[in-house]
Amino acid sequence: MATELPKAYDPKAAQEKWLSFWEERGYFHSEPDASKKPYTIVIPPPNVTGALHMGHALNNTLQDVLIRWRRMQGFNALWMPGTDHAGIATQSVVERLVFQQEKKTRHDLGRDALVKRIWEWKDKYEARILGQLRELGASCDWRRTRFTLDPVCARAVRETFFRMFRDGYIYRGKRLVNWDTHLQTSVADDETYTEETKSGFWTFKYPVDGMPDTFISFSTTRPETMLGDTAVCVHPSDERYKALVGKLVLQPHTGRKIPIIADGQLADPELGTGCVKVTPAHDPNDYACWQRHPEIGIINILNPDGTINEAGGEYKGMDRYKAREAVTEKMKELGLYVDKSERMVPMPYSDRSKTPIEPYLSDQWFVKMGDREDSKPGLAQMTMDAVTSGKVKFFPERYARSYLDWLTEKRDWCISRQLWWGHRIPVWSKTFPSNRAFEAALVWDFDGAHQWLDRERVASQGQEGSLTLHLCLKADDPPTIARLESLGFTQSDDVLDTWFSSALWPHSTLGWPGPALPEEKPGRAPANWDALRYYYPTSTLVTSRDIITLWVARMVLTGLYNVGDIPFRDVYIHPKILDGFGEGMSKTKGNGVDPLDIIDLYGTDAMRYTMVKMATENQDARMPVSNVCPHCGTMIPQKQEHQSMRTKKLTCPGDKAKGITCGKAFRPGGPWPEPDPELPTARQASDRFEEGRNFANKMWNATRFLLMNLDGYTPGPMKLEELPTEDRWLLSRLATTTRAVTAALEGYRFSDVARLVYDFVWSEFCDWYIEMSKGRLKDAAARPTAQRVLAGVLDGILRLVQPVMPFVAESLWQALNEAAPERGLPAPSKAEESAAIARWPSYPEGWINSEVEARFARMQELVRGVREIRNRYQVDDKTRLDVSVKCSPAVAADFNALAAFIGPLAGIANLTAGPNTAKPKQAGGLVKPEFEAYVSLVGLIDVSAELKRLEKQLTDKRKSLEGTRAKLANEKFVSGAPPEVVQQQRELASDIEKQIAALEENLKDLRSAE
RNA sequence: GCGCGUUUAGCUCAGUUGGCUAGAGUACCACAUUGACAUUGUGGGGGUCACUGGUUCAAGUCCAGUAACGCGCACCA
């Protein structure tokens, strides 16, 4: 007896076993090799603090499918793994933790201590997320693992910043930023969310200067910003205010006199009073207005912590919300208060701290995106050209549009962040009180190869005329830094936007700017020119659509700018996974699903299969979830109120169908902060994964069947034309499937890959071929060929399946290697030692044989027809039926050749086929378009019930014939439609005619039997 | 408001350049059960292809419009 497999596939055992097997053999490590073509993917680096979520599972499964497939195709496949330091996300997590544990803020700890704490945190969580990726089966080259703060990356960041600074792309500017007063940092637009919040809506009036009893009124939701008003604004065409434009009004809190201006973009005469106050430093629209009317001035009234600064006069030091009340109170005292109402206003919040955002004017560093006066390229334009020229292709194509639309705006990129965790901005600055002092400083002798000077006028309030010298150092050179510091220069406290280092990811991780090597950890593969030259540009980027602008566009930008070439040729954008209610999964919503729960319950292969199946062209994938009762295992569908931890406790209703009455309580699955010792938490499941689990088991058992029937197996070559019909059919189907799968992978049609493989394995190989082989395996003459075909086709299946479900594929590959190490089609050869490195299959085009497929389909129709009758008349399996088929001699020959196999499949005792075959007396009918088959059912059926059924069928068929004939009688149709379509209709009509005739005969027979 | 998507069986989704009786998985119903597999097998029921109009011999598919949902971008004093 050959190798025995257990009855069911055990995913856990397989996962553990093959992960270490693959790694020990180093299959996933890649080195530059001029004799092979590279295929490279860089991972979208997950956040170090993150735990694996469904989005990662999808994203990384798809990358792994591509990498494993290309590796099998003989490419030198490199999948570069790594993690992102994710500035604000990570820092705020650690800050929060430190505060919880020690009640210390980051300012209590100090910069160095906090950064050290974050590094410790990072080491731990980086290991966790990378470990989880490994468990997914991700075939990354782990020896090349990078982190965006690694020396390799830091060097690239420094070099890029230096070059951009030198080339005049980086500049210092004032911008209104989203200010998080809690974290005291600016936040990107996409790091904020807007929530409808109940707010006061005040109306006040300002007295017009020099016009007693004349007032101009306006409304606001933020009265404290009146302290920073520098104008009031009306619409130029607004008749009510025309006379007032150009006059001054009194800002009562500060005593300043501010102008009434006309601006058609800011003021809307239809809204409110038609007049708005203008606070350029604290409102984005007002800021834009100030840019159009710079003469009105701009006054910042806030400190970084959200209190009022010295510009607020007597309100200085007050929290902004306290100031809101005080300012309002003052207006009441002065009789300038009109009224107040409540309304819901959209209020921006910081995603990290969950506190309201303040628009805040601050000094920031920017990358200039627009076109330039000199000969240097405009960065946005250059980045767009890469896509419009077709050098970078999007899959699906439509996403190129989001990319281009966003870049068209050419908005400058704010790259500074007021954080401590990240790449510190390599700029040292000093402010000089006068121009002369500044000029004097410029004559200092610095080595131009390592630094670059930039100068810029700073026009902050009260310091007009002062000048700041900014100096960028290409590398940290201690003597130079010491000298700068002794001269009073200080390094910027800010760090760079996380996306600045992620933008360099494809080339920094491969060794740009080479060739100098920073220190490497032992066991790490080097990043240098060799790697860069060989692997760059990478092949495919796999990511989600929400970072097309933030990340994809910027990688293209820096790739072109630094390396002079695009970072990747293809960008594949995958769908999003939504919850059962069509909403995106997020931590805040509490509707996420832990992939580890899924892996635990269904196995990694099952999860991967489902991820691949969900990756369709144009639709996000919904994933309804159930809670698995921790007591009895019953699945309870999750409702919306179970999410967001709104439901703290659920009672298991049990499962009536299975007779389980549980009634015990548990906590629904979700991102609970703490385990609850009293109440066990449910794991989450989704029946969408069952298909994958069942599929893995199906292949397991198909292999098991083969191994049980492999006694006496000998490898040997096969001649296609000598093989019986069912073999040729199977090989035709295998060749077709293999081609289709390869084409689907080439076009990033992942869902098709899963479907094609599934259908071939289950519906063709298992349902038909294996069933038919059972007879042949008992026949000494036919057995060797059947064994070879079974082994050869299974071999091909495992290769096709490997990229998607590597664990089960490897398990079965190894089992097959023991039993039949030499196998394959058309001629056997020694199989590779692992499915992970097996050659991707490709079969001769000549195997695809539509004639054989058609003949086989006819046979399947006969079998299905007989089964249908058997089911309808409740004929048990033990009763053998006699079937006679009236057909052409060729078809008859086919049926007779296959009779030995058809018999067992349909429970047929005698199958007779031929042109002159006599119809059995009193037969139940079965009609097929190309042949007439009669099943003898004498004594087996309820004749009167059957009569009724047939009569109804006859009526339906007559109607359908009428319709078809009408169509054929239509002159327009006959002349307008392609001939083959008309022919099809004719055939359909004659088929129906035949069917009607057969039905009539059946009825006659049955009536006589009655 | 602008742009992009989606709407097909109870649920989750396929459906190529218009062309045979619109498919799959799951759920449901019936039957089967020592033979690879109950994570199974066989068969069945279930669809006004969101709606309206148009083009065409022919529309789930193309065009126009409507509605609902989702996403992105702008805007909301």
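Naming: A, B, ... by sequence-line order, numbering from 1 per chain.
Checking B/C13, B/U39, B/A36 against every side-chain atom of A/Glu771, the shortest atom distance belongs to B/A36. When each of B/U26, B/U39, B/G41 is scored by its nearest atom to the side-chain atoms of A/Asp767, the top-ranked nucleotide is B/G41. Listed nucleotides: B/C37, B/A74, B/C75. Nearest to the side chain of A/Arg411: B/A74. The side chain of A/Arg864 lies closest to B/G43, out of B/A36, B/G43, B/G41. Comparing B/G43, B/G25, B/C37 by their nearest atom to the side chain of A/Glu868 picks out B/G43. You'll find that the side chain of A/Met708 is closest to B/A36, out of B/U26, B/A36, B/C73. For A/Asp687, whose side chain is taken as the heavy atoms from C-beta onward, the closest listed nucleotide among B/U26, B/U42, B/C4 is B/U26.
Mapping A/Leu706 and A/Glu583 onto RNA chain B by nearest heavy atom places A/Leu706 closer to the 5' end of the strand.
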side-chain contact (heavy atoms from CB on, under 4.5 Å) assessment of A/Val793 paired with A/Phe760: CA-CA 11 Å; A/Val793 172; A/Phe760 175 69; 4.1 Å; yes

Secondary structure string for RNA chain B (Watson-Crick or G-U under 3.5 angstrom, | for other-strand pairs): (((((((..((((.....[...)))).(((((.......))))).....(((((..]....))))))))))))....

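Ring centers of A/Tyr758 and A/Phe695: under 6.0 Å apart, within the cut-off. For A/Tyr9 and A/Phe807, the ring centers are positioned 6.0 Å apart or more.
Side-chain nitrogen and oxygen atoms of A/Arg755 include none within less than 4.0 Å of the OP1 or OP2 phosphate oxygen of B/U12. Regarding contacts with the backbone of B/C4, every side-chain N or O of A/Arg398 stays at 4.0 angstrom or more from both OP1 and OP2. One finds no side-chain N or O of A/Lys576 lying less than 4.0 angstrom from the OP1 or OP2 phosphate oxygen of B/G5. For A/Asn694, a side-chain nitrogen or oxygen approaches OP1 or OP2 of B/U40 to under 4.0 Å. Side-chain nitrogen and oxygen atoms of A/Lys7 include at least one within less than 4.0 Å of the OP1 or OP2 phosphate oxygen of B/C37.
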Polar atom pairs between nucleotides 66-69 of chain B and protein, under 3.5 Å, N or O only, would you list them?
none

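Classification of A/Arg783 and A/Asp711 as a salt-bridged pair fails, no side-chain N sitting under 4.0 Å from a carboxylate O. A salt bridge does not link A/Glu691 with A/Arg688: every distance from a Lys NZ or Arg NE/NH1/NH2 to an Asp or Glu carboxylate oxygen is 4.0 Å or more. Ion pair A/Arg755/A/Asp752 flagged as a salt bridge, since at least one NZ, NE, NH1 or NH2 atom sits closer than 4.0 Å to an Asp/Glu carboxylate oxygen.
Among the heavy atoms of the strands lying under 4.0 Å from A/Cys275 is at least one base atom, whether or not backbone atoms are also near.
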